[in-house]
Amino acid sequence: MKVTVFGTGYVGLVQGAVLADVGHQVLCVDVDAAKVAALQAGQIPIHEPGLDKLVTSNHANGRLRFTTDAAEGVQHSEVIFLAVGTPPDEDGSADLQYVLAVARTIAQHMTGPRIVINKSTVPVGTADKVRDVIAQGLAARGASYGFDVVSNPEFLKEGAAVADCQRPDRIIIGTGNPASEARLRELYAPFNRNHDRIVVMDVRSAELTKYAANAMLATKISFMNEIANLAERLGANVEAVRRGIGSDPRIGYHFIYPGVGYGGSCFPKDVKALVRTAQDTGFEPLLLNAVEARNEAQRNVLFERISAFYGGLLQGKTIALWGLAFKPNTDDMREAPSRNLLEALWAAGARVQAYDPVAMKEAQRIYGEREDLVLVDSVDAAVQGADCLAIVTEWQIFRAPDFEQLAASLKDRMVFDGRNLYDPALVASHGLGYVSIGRQPVQPKGH
């Protein structure tokens, strides 16, 4: 099948490359000429395991192409994905300007029937808005072509997006049109072979399903962080509690790891957007409000622990920081807890030596040159001459450090672990102090 994808961000680029890899002819459209030129030259703008090879190989064999020509994109295929950004507006609602701009473009250049597929995360009712915009555009042209607007939300995890796209656990199709359903079943047939992963529902339910899924996962994270805060005050170990409740199959182990809060491009934005959607209907979402509030508070926990250890006197201190990305296997720093920590430390007069396996360029782009931020090229370089170490991202490379070297390098022999990577007793056996989430702190030897 011929397929057009508007947008070459995480969702559009991954979806386009994976569809091309099974034989579809995919044309990706983006307004950013520099980005399109880079993709044509084989330069991938994001770090996503396996994506570079997928893009370059399918571009080389002609199944995946990139253009800034919107008219060509609309005319290339009767199946058009909308995978453009929906950033949060000032009130927390999703900004639909890019989605609706593409809808107007489609109406302007349509020369026959089209199936418009909303892949972007959009509020309930967006398909109706897209449909209205296209209908108005066609009417203005005096044209009459059949078209349908389908909701087909993505469920990709950054850091595992290619695998999630190639082996989806479900494919949600929101449509009441049997012809559109049949066309999408044909499109997704290569990913639906072992058992039927396709779930068909009405458009509005499909739109809500995406938000409900992310809000549920965010709720599990915030719940576990709430329990972690309680465990500390009760003298309990949240890791033992996690194992205890996770063994219940009704709860499971996924997304119940305590830490410094969720971040990234989806959870914060989608929870806010769902709260706003609820409020627009006159319904106050008490649980979602609490999820968001707990997460906002949790993002400051690591700074509070560091500040408390130093009695609030951080001026002139050098903090080693392991991890900048909001999660492993990505360079994405959108809403990353590391940013809360960095900015709080700077405001308190501290200096930071930071290392991340892939997010260093992104940190440089966000913060530029600063005297109080030194980006180093290894875990060892980060701790050299530092007063203490803070960990905010659970990269594999951080999981088995040389504790003896840490004790020798860190002036105050303190580790503040926002991801509970280590056994407190093991850390303490090397003379290090250790503060984690939901467990009792250990003071450094001799302190």
Side-chain angles (χ1 to χ4, degrees), residues 1-9 11-41 55 58-86 96-120 122 126-152 154 173 175 177 179-190 203:
M1 292 173 62
K2 289 184 176 180
V3 178
T4 296
V5 180
F6 275 87
T8 58
V11 176
L13 188 57
V14 172
Q15 184 68 75
V18 168
L19 287 172
D21 200 49
V22 296
H24 297 306
Q25 298 293 321
V26 180
L27 178 62
C28 291
V29 184
D30 203 290
V31 296
D32 187 336
K35 191 177 188 180
V36 167
L39 287 166
Q40 290 171 335
V55 170
N58 284 286
H59 180 63
N61 63 35
R63 287 197 297 265
L64 180 64
R65 297 189 295 119
F66 303 97
T67 185
T68 57
D69 189 338
E72 180 189 4
V74 176
Q75 292 160 14
H76 170 74
S77 168
E78 71 172 62
V79 176
I80 301 174
F81 281 93
L82 305 188
V84 295
T86 53
L96 297 179
Q97 63 171 311
Y98 304 112
V99 170
L100 298 181
V102 176
R104 285 189 287 272
T105 299
I106 292 170
Q108 182 182 353
H109 297 293
M110 277 174 65
T111 55
R114 294 291 184 271
I115 300 174
V116 180
I117 304 168
N118 251 333
K119 201 72 179 174
S120 302
V122 293
T126 299
D128 295 337
K129 293 180 180 179
V130 170
R131 187 177 292 108
D132 290 345
V133 167
I134 294 175
Q136 291 165 11
L138 290 174
R141 289 174 53 197
S144 179
Y145 301 113
F147 71 93
D148 190 24
V149 180
V150 176
S151 176
N152 175 221
E154 55 84 15
I173 297 175
T175 182
N177 186 323
S180 296
E181 178 188 335
R183 202 78 172 111
L184 264 70
R185 283 187 177 275
E186 179 185 354
L187 178 74
Y188 284 122
V203 175

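Quantities reported herein were computed from a predicted structural model and do not represent experimental measurements.
- Distance check: Lys2 NZ to Ile80 CD1 gives 13.0 Å after rounding to the nearest 0.5 Å.
- Closest heavy-atom contact between Val133 and Ala107: O-CB, 4.4 Å.
- For residues 129-147, the side chain to side chain donor-acceptor pair (under 3.5 Å) pairs, not counting sequence neighbours, are Asp128-Arg131.
- No side-chain heavy atom of Asp69 sits under 4.5 Å from any side-chain heavy atom of Val29.
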query = Would Ile134 and Met110 satisfy side chain to side chain contact (heavy atoms under 4.5 Å, CB included), going step by step from the backbone distance to the final call?
reply = CA-CA 10 Å; Ile134 294 175; Met110 277 174 65; 4.0 Å; yes
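- Within the model, atoms OG1 of Thr111 and CD of Glu78 stand 11.0 Å from one another, a figure rounded to the nearest 0.5 Å.
- Of the possible polar contacts, none joining the Ser120 side chain to the Val122 backbone as a donor-acceptor pair under 3.5 Å is found.
- In this structure the side chain of Phe6 reaches within 4.5 angstrom of the side chain of Val74, judged on heavy atoms.
- Residues Asp148 and Thr175 have side chains that bring a donor and an acceptor to within less than 3.5 angstrom of each other.
- Here CE of Met1 is found 3.5 Å from CZ of Arg183. Values are rounded to the nearest 0.5 Å.
- You'll find the side chain of Thr67 reaches within 4.5 Å of the side chain of Leu27, heavy atoms only.
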Donor-acceptor list for residues 11-19 side chains, cut-off 3.5 Å, not counting sequence neighbours:
residue, atom, partner, partner atom, Å
Gln15, OE1, Lys119, NZ, 3.3

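- Atoms CZ and CD, from Arg185 and Glu181 in turn, are 4.5 Å apart once rounded to the nearest 0.5 Å.
- In this structure, the side chains of Phe66 and Asp30 stay at 4.5 Å or more apart for every pair of heavy atoms.
- Formation of a donor-acceptor pair under 3.5 Å by the Asp32 side chain with backbone atoms of Ala34 is found in this model.
- Thr4 contributes a side-chain N or O that, together with a main-chain N or O of Gly73, makes up a donor-acceptor pair within less than 3.5 Å.
- When all heavy atoms are compared, the tightest approach of Thr68 to Ala33 is CG2-CA, 3.7 Å.
- Between Ile106 atom CD1 and Gln75 atom CD the span is 12.0 Å, to the nearest 0.5 Å.
- For the pair Arg63 (side chain) and Ala20 (backbone), a donor-acceptor distance under 3.5 Å is present.
- Annotation: side chain of Asn118 is in contact with side chain of Val99 (closest heavy-atom distance under 4.5 Å).
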message = Set out, in order, the CA-CA distance, both residues' side-chain angles and the distance that settles side chain to side chain contact (heavy atoms under 4.5 Å, CB included) for Asn177 and Ile115, then state yes or no.
response = CA-CA 10 Å; Asn177 186 323; Ile115 300 174; over 6 Å; no
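- Side-chain atoms of His109 never come within 3.5 Å of backbone atoms of Ala70 as a donor-acceptor pair (strictly under, hydrogens ignored).
- Looking only at side-chain heavy atoms (C-beta outward), Phe81 and Leu187 come within less than 4.5 Å of each other.
- Within the 4.5 Å cutoff, the side chain of Val31 has no heavy atoms near those of the Tyr98 side chain.
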